[in-house]
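Report on one structure; see the data block that follows.
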Amino acid sequence: GEDVEQSLFLSVREGDSSVINCTYTDSSSTYLYWYKQEPGAGLQLLTYIFSNMDMKQDQRLTVLLNKKDKHLSLRIADTQTGDSAIYFCAAANNNAGNMLTFGGGTRLMVKP
Amino acid sequence: NAGVTQTPKFRVLKTGQSMTLLCAQDMNHEYMYWYRQDPGMGLRLIHYSVGEGTTAKGEVPDGYNVSRLKKQNFLLGLESAAPSQTSVYFCASRGQMNTEAFFGQGTRLTVV
């Protein structure tokens, strides 16, 4: 089955850019997602990218997809303290009810 | 429009007790999922359903049962709770043509 991996922790200073990386194993994944989770809350979809794209930009967020290397990244420009949260990468394919397979989450800490 | 609603939000069980977690969605979604979230392990799929009356096992199904008697509801049951089932449980739903999965706010379960 699919395996999705992320680094556990990232610390940046306010105003810097943050880059969170993710790798996945199933080349048939059709959609790749980034979710944000704040303490005690559910998951909020930030953005997603279809597998035939290599980049998607949405305001401060830029998603890069390297399908050959099965590598996904999320760049947050001008990171703010309100961006401190856990970020999850997830992959979905058209099999098994389009279920999402999640990475372990990257905790982003933004220092003022 | 309530989206995905989980009940209860918190529960403490004694080892061996049983309980049912309810997930309700009002978006007429075909797919519904139950995940558990443990520190450093992301979300792992317990069971899922691709439509009313159907269920299937996910990555970590042991110790859990599910039912989808009505399209809008997906129930997760623990027949004999164990401390290893202490976790935060998330329900999600997704339409057949939708790319986004919508998550509930989670149920924090502690088994003592």
Derivation of the side-chain contact (heavy atoms from CB on, under 4.5 Å) call for A:L100 and B:R94
CA-CA 10 Å; A:L100 298 177; B:R94 184 173 179 172; 3.8 Å; yes
Checking B:A101 against chain A: side chain, backbone, both or neither under 4.5 Å from a heavy atom?
both
Whatever's closer than 4.5 Å to a heavy atom in chain A on B:E59 counts as neither
Treat each ILVMFWY residue as a node, draw an edge where side-chain heavy atoms are under 4.5 Å apart, and state whether [X] and [Y] are in one component.
| X | Y | answer |
| --- | --- | --- |
| A:L65 | A:L46 | yes |
| B:I46 | B:F90 | no |
| A:V63 | A:L32 | yes |
| A:L61 | A:L72 | yes |
| B:L21 | B:Y33 | no |

Taking C-beta and beyond as the side chain, do B:L43 and A:L43 meet within less than 4.5 Å on heavy atoms?
yes
What part of A:Q37 is in contact with chain B, defined as an atom under 4.5 angstrom from a non-hydrogen atom: side chain, backbone, both or neither?
side chain
What part of A:F50 lies closer than 4.5 angstrom to a heavy atom of chain B: side chain, backbone, both or neither?
neither
Out of curiosity, A:Y35 OH to B:F103 CZ, how far, rounded to the nearest 0.5 Å?
5.0 Å
Could you grab the distance from atom OH of A:Y33 to atom CD of B:E100, nearest 0.5 Å is fine?
8.5 Å
